[in-house]
Amino acid sequence: MATTTATRPASTGIENSLSTGRLPKWAPYALLFGSWAVLGIVFLFMQLGGMTEQYNISGAIFLGTVLYIVLIAAISGLVEGRRQATDRFVTSLVVGAFILALLPLISLLFTAVSNGAARFDLEFFTYSMRNVVGEGGGAVHAIVGTLLVTGAATLISVPIGLLTAIYLVEYGRGHLARGITFFVDVMTGIPSIVAGLFAYALFVIFFGEGVRMGIGGAVALSVLMIPVVVRSSEEILKLVPNELREAAFALGVPKWLTILKVVLPTSIAGITTGVMIAISRVIGETAPLLIIAGFTPNMNYDLGDGRMMTLPVFTYFSYANQGSDPAAYIDRAWAGALTLILIVMILNLIARFIAKAFAPKLGR
Amino acid sequence: MTTAPAKAPRIQAPKRPGDRIFSTSTVVAGSIILATLAAVAIFLVAQSIPAFTAPGEEVPTGSFWSYVGPLAFGTVWAAALALLMAVPLAIGIALFISHYAPRRIAQGLGYVIDLLAAVPSVVFGLWGATVLAPMVQPFYLWLQETFGWFPLFYGQVSGTGRTVFTVAIVLAVMVLPIITALCREVFLQTPVLHEEAALALGATRWEMIKTAVLPFGRPGIISASMLGLGRALGETMAVAMVLSPSVVVSFFLLTSTNPTTIAANIALQYPEAHGLGVNVLIATGLILFVITLAVNSLARFVINRRKAFSGAN
């Protein structure tokens, strides 16, 4: 900066002193597209010269971006000084990091849609895998299993989670509350497979070795789901204005009725959102269900009776045990993956919508 | 919330049965959570005891500890590699969302990153095995040709690309959202006055971040990384599906003999296990549980200590 200040012509009188020694606003963009164009042409020549088989567009964009980062740092260093150059360098790195993180997401969604579409048909949603070898078959048994197991897990988790959140916000003081808060946080980090092993270790006491049943999967998923429900409900209950509670108390309403009739109705939208996010978190869990719910090609409506297929396990199983016609199994795996992604995305979208549409107006 | 005025004679609220039932049930629910966590530990220990005390010849590799050793190594190794890639990227993304992106679209960009967290792990596994591994294999070849002298890249490059390095990339993508989300929260809590003071003294945006945001957020970054580490340690399906596993201790990133992780080993061996084999697998699960519990507790401890004096809430 010091050098630019020194060399600035002092007496021309036409330059804006605020913008001298700075690159014009369009310079970074021009440089970026310029670098892309240069590398694009280089790669075009490489392709025409027969060095590469097909036009390497990702390589061109990647190397073009690298060239841009080098150029912007160098030019900015010459014109604006070292500090501005560092700033521009970091800016392009930070933006680059964000775009880099988007690449796997885009690639994943694109592959899931393009590979999953092959078997995303009526048969997939109406047939089970009973007596199916090779092509055909479907995942209806897995979808039913997923709905049953996740539904049971929700029935276990929501009352426990919600009551705990109420305890933490409305009643909890002292050691117990602090302990619960800490251990709920710790519980969010339990590896999913450990939850599955826990459910197995619990059920093996009652049913003997090699136990596999759907309700065990529900217990395992609850271990993973409860902390999520507690955390989100707690956050939402804390948002309920204290004035509402005080107004109810002033009218002589008992505390439990205040919670049931004032606090919960105010926060019900947020709680629903939290529950749906929690469901979407556990509905894709594979490892615990692989352990305790097992896999089967057959339909099973009974949570308490033997093996039960679920959609994530179906996806894994189709991929891991490819039969005589691998393509058919891979196609089914991708169709299962696509169904899972759709379920999770839809749950998330509905949750966000509810959160937005019914959020309590806090007047802030 | 509501306390009787201090001076007036204390009015005792009537003891209503509804109040008692309700408050008791909330306490019970809270206690169930503590009991569950304790039960997880107790049942795992109970089922593991046969494996710890088993005579050597019944465990595949002699003694239990020589069986779990390479697995524990693989778990920590893959998670550490993943973290090495994920943390700088996550800090960059968090900075982009909190300080670089236009205010209006920042929240939307945050949702986009959160979408990554919503993708089920089995889908990541499928993607890693069928899309990513073939895609990075030529890159591994190039890496080995160019930097073959570097110890980590020794050895014959795997023909499928399904190596521990690929696993680490997939794990990095999977832990990215949680690290990003926490870092973002911390960066947004930076006192605005500090930032404005830095800018007013003529700092560029990067200098402002370096002097105001990063020092403030350092404990947050550390604990976010540790939570990400906990997530990466316990991740099962992605590893099980991507890796062609073997129980070895190996630091080479690109060869076809790769150390597998505890969680993936359980998922792969469990369906066929019986008798003592089940107990051995549950015992390895217990080891995993202890490792992740320690990492997570430490991370939460750092976060909670931070909360107390940050003045942000």
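Numbers restart at 1 for each chain; the letters A, B, ... are given by sequence-line order, proteins then strands. These values consider heavy atoms only, across backbone and side chains, with no hydrogens, waters or symmetry-generated copies.
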Pairs of donor and acceptor atoms involving the side chains of residues 24-35 of chain B, under 3.5 Å and at least two apart or interchain, shall be tabulated with distances.
| unit_1 | atom_1 | unit_2 | atom_2 | d |
| --- | --- | --- | --- | --- |
| B:Thr24 | OG1 | B:Arg20 | O | 2.5 |
| B:Ser25 | OG | B:Ile21 | O | 3.2 |
| B:Ser25 | OG | B:Phe22 | O | 2.7 |
| B:Thr26 | OG1 | B:Ser23 | O | 2.6 |
| B:Ser31 | OG | B:Val27 | O | 2.7 |

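For B:Pro120 against A:Val344, the heavy-atom pair with the smallest separation is CG-CG2, 4.1 Å. The shortest heavy-atom contact between A:Ala101 and B:Ile113 is CB-CD1, 4.2 Å. Closest of all the heavy-atom pairs between A:Ala201 and B:Gln47 is CB-CG, 3.5 Å.
In terms of non-hydrogen atom pairs under 4.5 Å with chain B, the most contact-rich of A:Val186, A:Leu105, A:Val230 is A:Leu105. Interface check for chain B: of the options A:Pro254, A:Gly189, A:Gly284, the most heavy-atom pairs under 4.5 Å are formed by A:Pro254. No other option in B:Leu176, B:Ile266, B:Leu233 has as many heavy-atom pairs under 4.5 Å with chain A as B:Ile266. Most heavy-atom pairs under 4.5 Å with chain A, from the set B:Phe124, B:Trp127, B:Phe289, B:Phe43: that is B:Trp127. Among B:Thr36, B:Val119, B:Leu227, B:Leu109, the residue making the largest number of heavy-atom pairs under 4.5 Å with chain A is B:Leu109. Between chain A and the options B:Gly230, B:Ser297, B:Gly285, the largest number of non-hydrogen pairs under 4.5 Å is found for B:Ser297. In terms of heavy-atom pairs under 4.5 angstrom with chain A, the leader among B:Ile97, B:Leu126, B:Val122 is B:Leu126. Counting heavy-atom pairs closer than 4.5 Å to chain A, the top-ranked of the candidates B:Gly125, B:Ser121, B:Ala39, B:Ala46 is B:Ala39. Chain B forms more heavy-atom pairs under 4.5 Å with one residue of A:Ser107, A:Pro312, A:Ala337 than with any other, namely A:Ser107. Between chain B and the options A:Phe295, A:Phe183, A:Tyr316, the largest number of non-hydrogen pairs under 4.5 Å is found for A:Tyr316.
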* Audit row: B:Met237, A:Ile193, side chain to side chain contact (heavy atoms under 4.5 Å, CB included) steps and yes/no -> CA-CA 9 Å; B:Met237 298 323 290; A:Ile193 193 144; over 6 Å; no

* Please report the C-alpha distance between A:Phe98 and B:Leu89 in whole Å, then the side-chain angles of each, then the deciding distance to 0.1 Å, and finally whether the side chain to side chain contact (heavy atoms under 4.5 Å, CB included) criterion is met. => CA-CA 8 Å; A:Phe98 181 77; B:Leu89 205 56; over 6 Å; no

* Might you work through the side chain to side chain contact (heavy atoms under 4.5 Å, CB included) test for B:Tyr100 and A:Val90, ending with a clear yes or no? => CA-CA 11 Å; B:Tyr100 281 86; A:Val90 174; 3.9 Å; yes

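Contacts of B:Tyr270 with chain A are made by both backbone and side-chain atoms, with heavy-atom separations under 4.5 Å. For A:Leu260, the part lying under 4.5 angstrom from a heavy atom of chain B is the side chain only. With a 4.5 angstrom heavy-atom cutoff, B:Ile282 touches chain A via backbone and side-chain atoms both. When heavy atoms are compared at a cutoff of 4.5 Å, A:Leu197 approaches chain B by way of both its backbone and its side chain. The part of B:Val278 that comes within reach of chain A is its side chain, from C-beta onward, which places non-hydrogen atoms under 4.5 angstrom from that chain. Looking at A:Val204, only its side chain comes within 4.5 Å of chain B, counting heavy atoms on both sides.
Between A:Thr91 and B:Trp206, the side chains place no donor N or O within less than 3.5 Å of an acceptor N or O (distance only, hydrogens not considered).
Residues B:Thr236 and A:Pro191 are not in side-chain contact: their nearest non-hydrogen atoms beyond the backbone lie 4.5 Å or more apart. Using a 4.5 Å cut-off on side-chain heavy atoms (C-beta onward), B:Thr292 and A:Ile190 make no contact. B:Val123 places a side-chain heavy atom less than 4.5 Å from the side chain of A:Leu108. A:Tyr319 places a side-chain heavy atom less than 4.5 Å from the side chain of B:Thr130.
With A:Met187 as the fixed residue, the side-chain contact (heavy atoms from CB on, under 4.5 Å) test singles out one of B:Asn296, B:Leu37, B:Val40: B:Leu37.
Under the 3.5 Å distance criterion, the side-chain polar atoms of A:Asp87 are left unmatched by any main-chain donor or acceptor of B:Thr204.
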